[in-house]
Peer 1: 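Pasting a structure here, questions to come.
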Amino acid sequence: MSAEATDTRYVVVAPGEGQVVLTVVGADGTVLESRTLTGSGGTERSRTDHAPGAATDVDLTAAVRELERDGVRWTWADTALTYPPLLAAGVRVARCHDLRLARRILRNAAWLAGTPFARAAHDAWDDPAPVPGTTDGLFDSAALSPVRGPALDPVHELQRQLEVLRPAPSDPSTAPSSAPPQVPSQVPDDRRGRLRLLVAAESAGALVAAEMAFCGLPWRADVHDALLTTILGPRPVEGYRPAMLEAKLDEVRAALGTTDVNPDSPADLLRALRRAGLPVTSTRSWELKELDHPAVAPLLEYKKLARLWTANGWHWLDAWVRDGRFRPVYVVGGVVTGRWASDGGGALQLPHQVRDAVRADDGWSFVVADAAQLEPRILAAMSGDPAMARAGRAADMYEGIVATGAVETREHAKYGMLGAMYGGTQGVSGQVLPQLQRAFPRALGVVEQAAATGQRGGRVTTWLGRTSPPPGAQRSAAQGLASDPDADTAATDRARAQARSWGRFTRNFVVQGTAAEWALCWMALLRGRLRELGGEAALTGSPHLVFFLHDEVIVHTPAALADDVAEAVVACAVEAGRLLFGEPDAVEFRLSVARVTSYAQAKQPSQDGDAATRDQGVEG
DNA sequence: CACGGCTGCCAC
DNA sequence: AAACGTGGCAGCCGTG
């Protein structure tokens, strides 16, 4: 993930009608060479799987294989469109530059405000990527796709992005290349360097996402089905509830003295509960839990079972698991903070209940690794708070905080820190906040400052320069109203509440977003190491990433390599910390690492919160 | 009947 | 411990 190399050569892939143009561009933006690939006779493919931006008629694979040996950075509009066909043809690439993902980051970057790049008029590069596979007749997105139009020249776009990211010539680290057309402004080179790293990491993430979709998460439908049958009863006839749900529902109805309550309708259920004399204001589980009534227990059980049935039951299995693999669609950068989102399949919310269906292939293992207390460690690192960094070198950071004497118990440390990062004010969070502020003024200052900026309507940035969106029009309108002396108090209160809410968002943004950057770097580095471990073997025949969830990865690996993989995962976590925050390892990014054959054997959430008993992994 | 808002719960 | 951050998604229910 060497984002900095000045000798990098970019190969821009520009698909057109019946041809693909490959343009080699130097790090200074100079076009070095270009070649046109045309549909070679005989191998012409059907256009039925035509995706916009993908090289459909032209076989790219040979050219990619050849140029890949030179270590180039592949540059294309959308990794999600262009890379999957290459993977299907057995081709992998080491590095890429995703123009659309980079564009979004750079256009929003507050650090680049005032540059010509930031001020340029909106164009189609700012539009969302076309959706792959939407190619039916009238709404053929390929035909409509601006990617194919003359207006969107990927070479030109790369040149613009390289220019805005290029270090100023005064920077001693800059190679004395021919004077680049200078240069947007007084953006400090340090910031440009961070943005270069962010763009490289985001692009690497796009490669990982495509590869994970290609490989899929190993999923045993038979195990899943057996699990459902055990918990819910046999699969019911379509339109009927499973037996165990009906049984619980009978108990609920008996206890409430009704025969016809629909437990799936909150309004109906609420009425029935109140008729039975229960003083509830909603049907939320946590509210019901407080009540002493014979209907409560079976109702809570019903809700639990119903959730499993509707969200991850047989329908889900039919829809999302094929040939022993679960293939969710990951949306890189889909969350404003830089976290990934997913589209369909609920990949970001796989309940622990069903994780036993995630099984390694015969002779293979999973290495499941999860960053321990990632966000507080990130806050310690980005704030440079020496006392909190000391706590962040402990195996368990919350114990580390207790050891500084700032708070009494691990629970106080945990909920205090979570509250500080989320903007909590009530309960334990609020109580210990002053203690944390006293002990860690710089760290708490970072989040307080971010909250204050957001509350004023300002924007904040992560460590690498991802910038929060401007407050919505709705908020601004409310603000305007609030400053109007005639505004009624209700409107004023609403405006204040909205401002505070935006402050909580920006408070969390800087930490969550920087944690996402660490995780991207971690995964990008790991991807490279896994490729080395795999040697010449194909992606699915060697250790490969199969799952990523904010601060957690799963690698599917031949069992014989599992120990090497576990070591690599830990090494990459350390390296990711250095990449972002520099050499000294002021904070240690610890992992818990498990070598398992079922995902369910990896950490379980314990009932009493976040067990301090969890093992702290192989780096011990 | 499609769509969107709302509720509630899952994940981190 | 408490109802405080980011999301996805199923089902209900009112609206056009």
Side-chain angles (χ1 to χ4, degrees), chain A residues 241 262-270 280-290 299-300 302-313 315-316 319-320 328-331 333-355 370-375 379 409-433 447 450-451 454 460 462 468-469 497 500-516 519 547-553 599 603-605 607-610:
Chain A
R241 291 189 180 91
N262 175 5
D264 303 319
S265 164
D268 195 34
L269 181 57
L270 185 60
V280 282
T281 60
S282 78
T283 63
R284 293 183 187 88
S285 293
W286 63 264
E287 190 177 345
L288 297 176
K289 258 182 213 119
E290 305 303 313
L299 180 52
L300 291 174
Y302 175 90
K303 281 166 164 278
K304 189 89 184 151
L305 298 180
R307 169 76 193 183
L308 173 63
W309 178 50
T310 55
N312 293 99
H315 282 151
W316 181 91
W320 290 101
V329 177
Y330 296 100
V331 186
V335 180
V336 279
T337 58
R339 298 219 293 205
W340 289 11
S342 77
D343 188 6
L348 273 48
Q349 24 175 160
L350 282 186
H352 289 87
Q353 257 181 323
V354 302
R355 292 186 178 185
D370 138 27
Q373 305 97 36
L374 179 59
E375 292 194 353
L379 178 59
T409 67
R410 185 181 188 278
E411 298 297 281
H412 284 193
K414 176 177 177 175
Y415 296 114
M417 286 303 296
L418 289 178
M421 294 184 296
Y422 288 165
T425 55
Q426 304 291 304
V428 165
S429 289
Q431 277 168 33
V432 301
L433 196 61
V447 284
V460 297
T462 60
S468 68
R500 277 196 304 274
S501 166
W502 196 256
R504 286 194 298 274
F505 164 63
T506 52
R507 169 194 294 270
N508 186 249
F509 181 94
V510 295
V511 180
Q512 186 185 114
T514 303
F547 192 63
F548 170 54
L549 188 56
H550 307 321
D551 62 358
E552 174 179 358
V553 297
Y599 189 17
K603 67 137 194 219
Q604 285 284 342
Q607 290 309 317
D608 57 345
D610 187 42

Peer 1: Is the backbone N or O of A:Tyr415 less than 3.5 Å from a side-chain atom of A:Ser429, with the two atoms forming a donor-acceptor pair by type?
Peer 2: yes
Peer 1: Could I get the full list of salt bridge (charged side-chain N to carboxylate O under 4.0 Å, His left out) partners for A:Glu552, not counting sequence neighbours?
Peer 2: none
Peer 1: Considering just the side-chain nitrogens and oxygens of A:Ser285, establish if one lies under 4.0 Å of OP1 or OP2 belonging to B:dG8.
Peer 2: no
Peer 1: Output yes when at least one side-chain N/O atom of A:Lys414 is less than 4.0 Å from OP1 or OP2 of C:dA1, else no.
Peer 2: no
Peer 1: Just by distance, do the side chain of A:Glu287 and the backbone of A:Thr281 share a donor-acceptor pair under 3.5 Å?
Peer 2: yes
Peer 1: When you measure from the side chain of A:Phe505, which nucleotide among C:dG5, C:dG7, C:dA2 comes out closest?
Peer 2: C:dG5
Peer 1: Of all the nucleotides listed (C:dG8, B:dC12, C:dG5), which has the minimum atom distance to the side chain of A:Arg504?
Peer 2: C:dG5
Peer 1: Could you tell me whether a side-chain N or O of A:Thr514 sits under 3.5 Å from a main-chain N or O of A:Val510, the two making a donor and an acceptor?
Peer 2: yes
Peer 1: Just the table, please: protein N/O against nucleotides 2-4 of chain B N/O, every pair under 3.5 Å.
Peer 2:
none

Peer 1: Determine all donor-acceptor pairs shorter than 3.5 Å in which one atom belongs to a side chain in residues 302-311 of chain A; sequence neighbours excluded.
Peer 2:
residue: A:Tyr302; atom: OH; partner: A:Arg241; partner atom: NE; Å: 3.0
residue: A:Tyr302; atom: OH; partner: A:Asp264; partner atom: OD1; Å: 3.0
residue: A:Tyr302; atom: OH; partner: A:Asp264; partner atom: OD2; Å: 3.4
residue: A:Lys303; atom: NZ; partner: A:Thr283; partner atom: O; Å: 2.8
residue: A:Thr310; atom: OG1; partner: A:Ala306; partner atom: O; Å: 2.9
residue: A:Thr310; atom: OG1; partner: A:Arg307; partner atom: O; Å: 3.4

Peer 1: With no hydrogens and no angle check, is any side-chain donor or acceptor of A:Trp340 less than 3.5 Å from a backbone partner on A:Gly334?
Peer 2: no
Peer 1: Could you tell me which residues satisfy salt bridge (charged side-chain N to carboxylate O under 4.0 Å, His left out) with A:Asp343, sequence neighbours excluded, listed by chain and number?
Peer 2: none
Peer 1: Any idea how A:Phe505 and A:Trp502 line up, ring-wise: parallel (<30°), tilted (30 to 60°), or perpendicular (>60°)?
Peer 2: tilted
Peer 1: With side chain to side chain contact (heavy atoms under 4.5 Å, CB included) as the criterion, how do A:Val354 and A:Trp316 come out once you've worked through the C-alpha distance, each side chain's angles and the decisive distance to 0.1 Å?
Peer 2: CA-CA 12 Å; A:Val354 302; A:Trp316 181 91; over 6 Å; no
Peer 1: Should stems be defined as at least three consecutive Watson-Crick or G-U pairs with both distances under 3.5 angstrom, which of them involve DNA chain C?
Peer 2: B:1-12 with C:5-16
Peer 1: Looking only at the side chain of A:Ala341 (C-beta and beyond, no hydrogens), which of the listed nucleotides C:dG7, B:dC12, B:dG8 gets closest?
Peer 2: C:dG7
Peer 1: Ignoring the backbone of A:Arg284, work out which of C:dT6, B:dC9, B:dC12 is nearest its side chain.
Peer 2: B:dC9
Peer 1: Indicate, with a heavy-atom threshold strictly under 4.0 Å, whether A:Trp286 touches base, sugar-phosphate, or nothing.
Peer 2: base
Peer 1: NE2/A:His315 to CH2/A:Trp320 distance, rounded to the nearest 0.5 angstrom?
Peer 2: 15.0 Å
Peer 1: Strictly under 4.0 angstrom, non-hydrogen atoms only: write out the protein contact profile of nucleotides 9-16 of chain C, one letter per nucleotide from the 5' end, B, S or -.
Peer 2: SSSSS---
Peer 1: Take the protein atom CG of A:Leu300 and the nucleotide atom P of B:dC9, then report the distance between them rounded to whole Å.
Peer 2: 9 Å
Peer 1: I'd like to know if A:Arg339 reaches the base of B:dC12 with its side chain, counting only an N/O donor and acceptor under 3.5 Å.
Peer 2: yes
Peer 1: Under 4.0 Å: is that the gap between some side-chain N or O of A:His352 and OP1 or OP2 of B:dA11?
Peer 2: yes
Peer 1: Would you indicate what A:Val336 reaches in the nucleic acid, counting non-hydrogen atoms under 4.0 angstrom: base, sugar-phosphate, or nothing?
Peer 2: sugar-phosphate
